[in-house]
Amino acid sequence: VQLVESGGGLVQAGGSLRLACAASGITFDDYDIGWFRQVPGLEREGVSGLSNSDGNTYYGDSVRGRFTISSDNAKNTVYLQMNSLKAEDTAVYYCAIDSHWVFDPIATMWNYGMAYWGKGTLVTVSS
């Protein structure tokens, strides 16, 4: 299984980026998908998730209303559209997949133990 993120880069505050994560070796339909981010020295943060079993989407409080997750299962690719970017969105963004869960809405908990992870793509937002 391989996950490859792309689309990161440098953008000014208020701008937009679209990240993509292409998967190989698996069938997307069978997995929950998540985007996570991490700033060096800080804990990994759940950003957005998509449950392919029921179509539910999930967002972290800090990105809700600005970011949108979507997937093209025919292309085995998941996207993260990021709008109204802020300096605090600067981080390495990772996509991850898991056959069981990405977010528990009852416990409001992200699955940081996702089965497969990409290597990440850096997003830098200048203020």
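Note: hydrogens, waters and symmetry copies are ignored here, and every other heavy atom, side chains too, is used.
- Not counting sequence neighbours, Tyr116 has no partner by the ring-ring contact (aromatic ring centres under 6.0 Å, His included) test.
- How far OG1 of Thr108 is from CG of Asp61: 8.5 Å, rounded to the nearest 0.5 Å.
- Cluster annotation: Val63 and Met82 are assigned to the same hydrophobic cluster (Ile/Leu/Val/Met/Phe/Trp/Tyr, side-chain heavy-atom contacts under 4.5 Å, transitive).
- Residues Leu19 and Leu3 fall within the same hydrophobic cluster, defined by Ile, Leu, Val, Met, Phe, Trp and Tyr side chains chained together at heavy-atom separations under 4.5 Å.
- For the ring-ring contact (aromatic ring centres under 6.0 Å, His included) test, residues two or more places apart in sequence or in another chain that qualify with Tyr58 are Phe103.
- Residues forming a salt bridge (charged side-chain N to carboxylate O under 4.0 Å, His left out) with Asp54 (at least two apart in sequence, or on another chain): none.
- In terms of the salt bridge (charged side-chain N to carboxylate O under 4.0 Å, His left out) criterion, Arg44 has no residue partners (sequence neighbours excluded).
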Please tabulate, for the side chains in residues 84-92, all donor-acceptor contacts under 3.5 angstrom to protein atoms that are two or more places apart in sequence or on a different chain.
unit_1: Asp89; atom_1: OD1; unit_2: Arg37; atom_2: NH1; d: 2.9
unit_1: Asp89; atom_1: OD1; unit_2: Arg66; atom_2: NH2; d: 3.0
unit_1: Asp89; atom_1: OD2; unit_2: Arg66; atom_2: NH1; d: 2.7
unit_1: Asp89; atom_1: OD2; unit_2: Arg66; atom_2: NH2; d: 3.4
unit_1: Asp89; atom_1: OD2; unit_2: Lys86; atom_2: N; d: 2.8
unit_1: Thr90; atom_1: OG1; unit_2: Ala87; atom_2: O; d: 2.9
unit_1: Thr90; atom_1: OG1; unit_2: Val125; atom_2: N; d: 2.9
unit_1: Thr90; atom_1: OG1; unit_2: Val125; atom_2: O; d: 3.4

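- None of Val1, Val102, Val78 except one satisfies the side chain to side chain contact (heavy atoms under 4.5 Å, CB included) rule with Ile97; the exception is Val1.
- Residue pairs that meet the side chain to side chain donor-acceptor pair (under 3.5 Å) test with at least one member in residues 118-127, sequence neighbours left out, do not exist here.
- Evaluation of the ring pair (Phe, Tyr, Trp, His ring centres under 6.0 Å) test over residues 66-97, restricted to residues two or more places apart or in two chains, returns none.
- Identified under the salt bridge (Lys or Arg N to Asp or Glu O under 4.0 Å) test for residues 3-20, with sequence neighbours left out: none.
- Of all non-hydrogen atoms in Ala115 and Asp98, the two that sit nearest each other are N-OD2, 3.1 Å.
- Rounding to the nearest 0.5 Å gives a distance of 9.5 Å between CZ of Arg64 and OG1 of Thr57.
- The hydrophobic cluster containing Leu42, built from Ile/Leu/Val/Met/Phe/Trp/Tyr side-chain heavy atoms closer than 4.5 Å, also comprises Val39.
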Name every donor-acceptor pair, under 3.5 Å, that has one atom in a side chain of residues 6-17 and the other anywhere in the protein, sequence neighbours excluded.
unit_1: Ser16; atom_1: OG; unit_2: Asn83; atom_2: OD1; d: 2.9

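- The nearest pair of heavy atoms linking Tyr59 to Ser48 is CE2-OG, 3.2 Å.
- Note: Trp117 and Phe36 have tilted aromatic rings, judged against thresholds of 30 and 60 degrees for the angle between ring planes.
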Val47 and Leu80: side-chain contact (heavy atoms from CB on, under 4.5 Å), yes or no, with the steps? CA-CA 9 Å; Val47 175; Leu80 185 68; 4.1 Å; yes
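- Between atom CG of residue Leu50 and atom SG of residue Cys95 there is a gap of 12.0 Å, rounded to the nearest 0.5 Å.
- Here Ile106 is tied to no hydrophobic group at all, with no ILVMFWY side chain closer than 4.5 Å.
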What side-chain donor-acceptor pairs closer than 3.5 Å can you find for residues 26-35, not counting sequence neighbours?
unit_1: Asp29; atom_1: OD1; unit_2: Asn73; atom_2: ND2; d: 2.7
unit_1: Asp32; atom_1: OD1; unit_2: Ser51; atom_2: OG; d: 3.4
unit_1: Asp32; atom_1: OD1; unit_2: Asn52; atom_2: N; d: 3.3

